[in-house]
Each structure stands twice: as C-alpha cells, then as structure tokens.
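Chain letters run A, B, ... following the sequence lines, proteins first and then strands; every chain starts at 1. The model shown is predicted, which means the values in this text are computed figures rather than measured ones.
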Amino acid sequence: GENVEQHPSTLSVQEGDSAVIKCTYSDSASNYFPWYKQELGKGSQLIIDIRSNVGEKKDQRIAVTLNKTAKHFSLHITETQPEDSAVYFCAARNSGYSTLTFGKGTMLLVSP
Amino acid sequence: NAGVTQTPKFQVLKTGQSMTLQCAQDMNHNSMYWYRQDPGMGLRLIYYSASEGTTDKGEVPNGYNVSRLNKREFSLRLESAAPSQTSVYFCASTPLAGANTGELFFGEGSRLTVL
C-alpha cells in the first residue's frame, strides 16, 4: 500500500516569512495529492490539492508543487500570518483505491 | 450549515466498557469515513463506507465495528474498550463514492479516553 512521509514534524517561523512542508510518497501510481489544515480543536479542512497531470498549483499565498519522478510534493505558504498556525497534513491517493493515505502532520507556528 | 456532526465530543471510559460514536452528515454525501488521530501518527483510517449499504476496513480496524445506518449516519462502536483506543476520532464524508473521491469534509472530533 501507499506510504506517505511528511517533514518537518514542527516548524516555527516569524510572521511574514515563508514556510515549506515536504512530503514523499511510495506508490508511483498515486495521482491525487491534497493538503489539509487542522486548527486547534477542529476537524481538518482541504486548503489545496494537485493532480498528477500538473506540476504546480497556486491559490493566493498557498502553492503546491509536485515532482512525479522523485515522488515528492511540497506545500509553500508565503507571507505567513499568525492565523496560519495549525497542523498541516499531506495525503496521497492511488486511483485504484477509494481512500487517502495521510502523512503524520506538521505543526506550523507563526509568531507575530 | 451543520455539515458533519459527531457525538459525543468527549468521553471517558473504563477498560472493557463499550460505547458508540455517532456521526451524521447533512450534505447528501455518499461516502463516509472514521479516522483516529494520535500524536505523531497523523490520521489513520479505521473503517469507511463508500456508499450506503457497504462498509470496508481501513488501516487500523481491529477492536472496532461500524454501521452505515442510512445515507446520513455512520456509527463507530467499541465493544470492549482498551487504553490503546485512547485517541481523537474524526468522522468525514465526501460526495463521491469509489476511486475518485474528492474533498473530505471532517467533523470536529470526539476525544475518547480509556482508563
């Protein structure tokens, strides 16, 4: 089955800095890679996703890049704000399965 | 907009007790899921129901049972709770069944402690 590794486990940045979270996956057939944000005491919410037919996707301050050859994808947050503080999960899915495999999460702390 | 509603939000059990976590969604979604979240372990799938009338095991199904009561409701039962089942449990749903499931919509979680 799929295995997703996520790094770092914790990340502290100053407000205004950029933050990068990286994930690798094992199944070369995986074709869908979402990122979820979990705020304290809440359920996770999808913030951006990418499919294997594109290499990069942006949404305002958030971007995701995908390198299929190396089997890794990354989340980039620019101009970080305190409200970006949360746990972020990457995930991957093989088209042959109906479920996502999640990474172990990254706790991002943005200090004012 | 209620979305995905889980009950209870908090529960303390003694080893060997049983309980059921309830989940309901009002978005007319076909697929529903139960995850557990433990420190340093991320979200791990316990069971899922791709569509009404079907259930399948996920990554960590041992010690749990599920029931897809109808399209809206998907419950998770612990028959004989163990301390290893202390965790935060999340229910989720998605519109589409099968291999091309899209965005997961999560409930706010149920924190379970087994003493």
What part of L45(B) gets closer than 4.5 Å to chain A, counting heavy atoms only: side chain, backbone, both or neither? side chain
With under 30° as parallel and over 60° as perpendicular, where do the rings of F102(A) and Y35(B) fit, or are they tilted in between? perpendicular
Taking NZ, NE, NH1 and NH2 as the nitrogens, is one of them in D38(B) or R36(B) under 4.0 Å from a carboxylate oxygen of the other? yes
For the residue pair F106(B) and F90(B), does the interplanar ring angle fall in the parallel (under 30°), tilted (30 to 60°) or perpendicular (over 60°) class? perpendicular
Under a 4.5 Å cutoff for heavy-atom pairs, which residue among Q37(B), R44(B), M41(B) has the most contacts with chain A? Q37(B)
Polar side chain donor-acceptor pair, E2(A) to S26(A), under 3.5 angstrom: yes
For chain B, find which of Q38(A), M107(A), Q6(A) contributes the most heavy-atom pairs closer than 4.5 angstrom. Q38(A)
Interchain contact, S9(A) with chain B, by part (heavy-atom threshold 4.5 Å): neither
